[in-house]
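Beneath this line is the structure, given in structure tokens, with notes to follow.
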Number of protein chains: 2
Amino acid sequence: MSGISDQRRATIHDVARCAGVSAATVSKVLRGVSSVRAENARRVRDAVDRLGYRMDPLASGLRNEQRRIIGAVVPDLKSPFFGALVTGLESAAEAAGYTMIVASSRESETREADLVARMSDWRVAGTILAPVRSESGLGAQRMRALDMHAVLVDRASANDRFDTVAADNYAASCGVADLLVGDGHRHVLLHGATRISKAVRTRLEGFTARATALDPRVRIDTLLSDDAVDVQRLAISAYFDTPKADARATAVFSLSQHSTLLVLAELRRRAIRVPDEVALVGFDDAEWMQTTWPSITAVAQPVDAIAERAVHVLLARIEGTTGGYPVQHLEPCVLHARQSGGSADEPSRHVGGG
Amino acid sequence: MSGISDQRRATIHDVARCAGVSAATVSKVLRGVSSVRAENARRVRDAVDRLGYRMDPLASGLRNEQRRIIGAVVPDLKSPFFGALVTGLESAAEAAGYTMIVASSRESETREADLVARMSDWRVAGTILAPVRSESGLGAQRMRALDMHAVLVDRASANDRFDTVAADNYAASCGVADLLVGDGHRHVLLHGATRISKAVRTRLEGFTARATALDPRVRIDTLLSDDAVDVQRLAISAYFDTPKADARATAVFSLSQHSTLLVLAELRRRAIRVPDEVALVGFDDAEWMQTTWPSITAVAQPVDAIAERAVHVLLARIEGTTGGYPVQHLEPCVLHARQSGGSADEPSRHVGGG
DNA sequence: GCGAGACGATAAATCGGTTTACAGCGGAAG
DNA sequence: CTTCCGCTGTAAACCGATTTATCGTCTCGC
């Protein structure tokens with residue numbers, strides 16, 4: 001409050017006095033507990049309106065062991081993926097009457113562990129953690145030690161202590177294999193430009209397994225690194241430098257958004273026609289991929305579904321309605337077939353799920 | 001807490017008992033107040049370590065009028081700009097010993113006003129609002145009514161009640177005019193694809209004023225709309241359809257990131273060479289703009305500077321070290337001259353500031 | 001008419017800290 | 001020797017809600 005207008009906020013006692021009842025009665029009315037005479041309830045509501053009373057959510061939770069707060073820790077708020085995730089989490093939490101506290105670990109595991117501890121300081125009812133590395137990283141360890149309610153999201157697979165929610169990377173990559181191999185490609189380049197997280201590894205495995213199953217003769221090259229952009233660019237360039245056309249892939253499956261961008265730029269610079277000479281399918285969709293020309297065929301992660309599922313699973317744990325062992329949830333991705341993938345006119349379709 | 005391990009968290013009273021002093025003394029030690037004998041301070045710190053005590057930030061603030069919390073309300077967490085902004089705000093707030101509570105208004109003004117009120121419920125020390133529309137929108141009105149400490153960022157210009165912090169859109173656009181007109185362009189298309197916010201209008205005005213000042217004969221076309229993508233695409237296409245080459249612009253200044261993408265895609269589809277036939281400069285930089293080919297000349301907004309400034313200005317108000325009228329802060333942008341702008345070999349340079 | 005039970009309301013305890021008012025103590029000044 | 005002051009430390013009040021224990025009242029059944 002900025003000094004000038006010096007009227008204190010109304011407290012529950014002010015409301016009680018104004019309505020001629022006790023604070024306990026006001027509390028009951030406000031939280032919808034029965035056992036209040038209709039007449040008194042009305043007077044309380046009148047007083048609330050007249051005084052413009054609003055409950056202090058902090059004081060409200062003070063006496064309870066847990067507060068109606070859900071913590072969220074994500075590695076990076078700049079990325080549209082986590083931005084969308086947080087937005088979804090916020091909606092779902094709000095719908096359930098919880099406030100969200102968001103913090104970014106900025107891809108640092110020690111910071112992640114700190115933030116988890118800070119969430120515990122706030123006596124959050126539960127925490128949703130998108131780990132920097134994996135389900136067994138520092139943050140998850142800390143949560144285990146602090147015996148917190150939590151759900152691991154995105155960069156996490158099955159865990160023996162916490163529920164997990166993630167995109168079905170494996171199935172989605174199988175879907176990409178179906179598309180490319182089904183389209184006649186027998187030589188594919190898998191390109192990964194980010195740190196090799198569990199998610200990226202799973203994508204690689206899914207594609208390889210399915211492609212090999214479809215046709216054992218399929219040839220798969222891989223180009224993985226998390227070097228600087230220039231180095232990676234050179235690597236891609238070198239790959240496509242090969243004189244014999246049959247020595248290089250006819251399709252690229254890029255395993256992350258960043259990777260898609262890099263490959264695309266390099267193909268353009270070399271004036272390789274997409275998809276005629278080389279088809280391109282990317283993991284992780286982005287708005288610009290519909291807008292470029294050619295538009296980019298990509299796997300869209302079900303970020304809203306992940307967010308909603310994560311909150312629901314967490315709330316179930318908090319309320320104790322689920323018991324027993326933790327569950328691994330996989331949400332189906334959607335493959336948006338656009339121009340760069342080759343075979344056009346194919347509708348978007350769901351791939352995988354669990 | 002998940003039930004099994006049933007040891008309550010240590011409270012300040014536990015620490016006091018363990019150290020053989022009173023809770024008040026522990027409180028003093030913890031908050032670095034002097035007037036505690038060195039011997040006692042040591043014993044308190046020992047007890048804190050032994051018990052693993054951590055303060056409850058909620059209970060801590062309960063007695064004070066304000067709590068060490070800063071609220072942030074942004075229109076959209078999915079956008080990298082606001083994601084980066086929030087990350088910066090979080091860092092700065094944390095460095096000052098505050099916790100941040102972030103909420104997304106999802107481009108809705110009524111929701112914005114709701115969130116502001118909710119921040120006030122939390123007794124935040126101050127709020128940083130990136131308004132959906134402008135400095136006179138519903139959120140700012142509510143903050144005024146609630147007499148809150150606040151700073152408006154990004155989509156806001158001078159306000160008679162709150163300090164504001166934003167990128168220096170005007171000066172940056174002047175810089176773009178310098179670049180393009182200086183490069184010989186005498187016919188420029190200004191393209192805006194998003195809702196016409198105050199920021200976009202300012203960019204337009206800055207460019208027009210400077211370009212006209214440099215050479216009164218400069219011709220400026222404008223294409224502004226917030227229609228659906230397809231409609232906009234058609235509009236751009238139509239613009240470049242003109243048969244006479246001298247009837248169309250030789251350079252495009254796109255006023256938002258989305259707009260840059262749209263224009264770029266359309267130029268590509270029509271196989272118009274960038275920058276040879278048409279130069280392109282965009283407002284708002286993105287990672288992909290360095291990676292595409294040609295790379296995109298763009299104005300980078302000083303998001304970290306904005307965040308840091310916003311927090312510092314807010315803290316100054318909270319602590320009452322600034323008085324008098326609110327101040328409008330403009331942070332200088334950086335123009336990254338890359339390939340699409342034409343004249344290469346020019347280093348990035350700061351444009352504007354205040 | 002009386003005890004039991006249901007119902008509504010409230011005073012008081014509680015949560016975990018901070019702040020205030022005051023007390024004890026030792027040294028310096030008068 | 002007394003007084004006064006500054007320095008430490010503590011008990012108690014306080015913040016704004018929830019929850020508990022208690023109490024009065026009314027009704028019902030016997």
Side-chain angles (χ1 to χ4, degrees), chain A residues 1 7-45 47-48 51-69 97 99 118 120-125, chain B residues 1 7-45 47-48 51-69 97 99 118 120-125:
Chain A
M1 300 303 136
Q7 42 189 338
R8 243 178 52 268
R9 279 181 76 113
T11 74
I12 200 172
H13 293 101
D14 299 327
V15 175
R17 199 174 322 117
C18 176
V21 297
S22 76
T25 303
V26 177
S27 176
K28 281 183 187 165
V29 173
L30 261 41
R31 287 174 316 110
V33 179
S34 58
S35 80
V36 174
R37 224 172 42 204
E39 162 67 9
N40 276 353
R42 195 186 53 67
R43 296 179 58 182
V44 166
R45 271 187 282 271
V48 165
L51 298 177
Y53 169 75
R54 306 194 108 220
M55 196 191 64
D56 180 339
L58 263 77
S60 157
L62 188 56
R63 200 178 198 278
N64 307 43
E65 180 127 354
Q66 299 176 345
R67 289 155 198 171
R68 291 191 78 81
I69 305 176
T99 302
R118 216 173 302 169
S120 161
D121 291 345
W122 279 79
R123 310 307 201 257
V124 295
Chain B
M1 302 301 136
Q7 41 189 338
R8 245 178 50 267
R9 282 181 77 113
T11 74
I12 200 173
H13 294 101
D14 299 327
V15 176
R17 199 174 321 118
C18 175
V21 296
S22 76
T25 303
V26 177
S27 177
K28 281 183 187 168
V29 174
L30 260 41
R31 286 175 316 110
V33 179
S34 60
S35 80
V36 173
R37 223 173 42 202
E39 162 67 9
N40 275 354
R42 196 185 51 69
R43 296 179 57 183
V44 166
R45 269 187 283 271
V48 166
L51 298 177
Y53 169 76
R54 306 193 107 223
M55 197 190 66
D56 180 338
L58 262 78
S60 158
L62 189 55
R63 199 179 197 275
N64 308 45
E65 182 128 353
Q66 299 176 344
R67 289 154 198 172
R68 292 191 78 82
I69 304 176
T99 303
R118 216 173 302 171
S120 161
D121 292 344
W122 280 78
R123 309 311 200 256
V124 295

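Naming: A, B, ... by sequence-line order, numbering from 1 per chain. Worth saying up front: this structure is predicted, and the values here are computed from it rather than measured.
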Below 4.0 Å: OP1/OP2 of [N] and any side-chain N or O of [X]:
{"X": "A:Ser27", "N": "D:dT18", "answer": "yes"}
{"X": "A:Arg31", "N": "D:dT19", "answer": "yes"}
{"X": "B:Ser22", "N": "D:dT10", "answer": "yes"}
{"X": "A:Asn64", "N": "C:dC15", "answer": "no"}
{"X": "A:Thr25", "N": "C:dT10", "answer": "yes"}

Between [N] atom [atom2] and [X] atom [atom1], what is the distance in whole Å?
{"X": "A:Arg17", "N": "C:dT10", "atom1": "CZ", "atom2": "P", "result": "14 Å"}
{"X": "B:His13", "N": "C:dC15", "atom1": "NE2", "atom2": "C1'", "result": "10 Å"}
{"X": "B:Arg9", "N": "C:dG16", "atom1": "CZ", "atom2": "C1'", "result": "11 Å"}
{"X": "B:Arg68", "N": "C:dT18", "atom1": "CZ", "atom2": "C1'", "result": "14 Å"}
{"X": "B:Tyr53", "N": "C:dG16", "atom1": "OH", "atom2": "C1'", "result": "7 Å"}
{"X": "B:Lys28", "N": "C:dG17", "atom1": "NZ", "atom2": "C1'", "result": "15 Å"}
{"X": "A:Arg42", "N": "C:dA9", "atom1": "CZ", "atom2": "P", "result": "13 Å"}
{"X": "A:Arg37", "N": "D:dG24", "atom1": "CZ", "atom2": "P", "result": "17 Å"}

I'd like to check the salt bridge (charged side-chain N to carboxylate O under 4.0 Å, His left out) partners of B:Arg42; sequence neighbours left out, ordered by chain and number. B:Glu39, B:Asp46
Restricting to salt bridge (charged side-chain N to carboxylate O under 4.0 Å, His left out), what partner residues turn up for B:Arg17, sequence neighbours left out? B:Asp14
Which atom pair, heavy atoms only, marks the closest approach of A:Ala23 to A:His13? CB-CD2, 3.7 Å
So which heavy atom on A:Gly97 is nearest to which on A:Arg68, and how close? O-NE, 3.3 Å
Residue pair B:Arg9 / A:Ser120, side-chain donor-acceptor N/O under 3.5 Å: yes
As a test of understanding, state which of B:Val21, B:Val26, B:Val29 forms a side-chain contact (heavy atoms from CB on, under 4.5 Å) with B:Val36. B:Val29
Is there a donor-acceptor pair under 3.5 Å between the side chain of A:Asp56 and the backbone N or O of A:Leu58? yes
Could you list the protein-to-nucleotides 12-14 of chain C atom pairs, N/O on both sides, closer than 3.5 Å?
residue	atom	partner	partner atom	Å
C:dT14	O4'	A:Arg63	NH2	3.2
C:dT14	O2	A:Arg63	NE	2.7

Sugar-phosphate, base or nothing in reach of A:Val36, heavy atoms under 4.0 Å: sugar-phosphate
Out of C:dG17, C:dC15, D:dT10, minimum distance to the side chain of A:Leu62 belongs to C:dC15
Kindly point out which of C:dG8, C:dT18, C:dG16 is positioned nearest to the side chain of A:Ser35? C:dG8
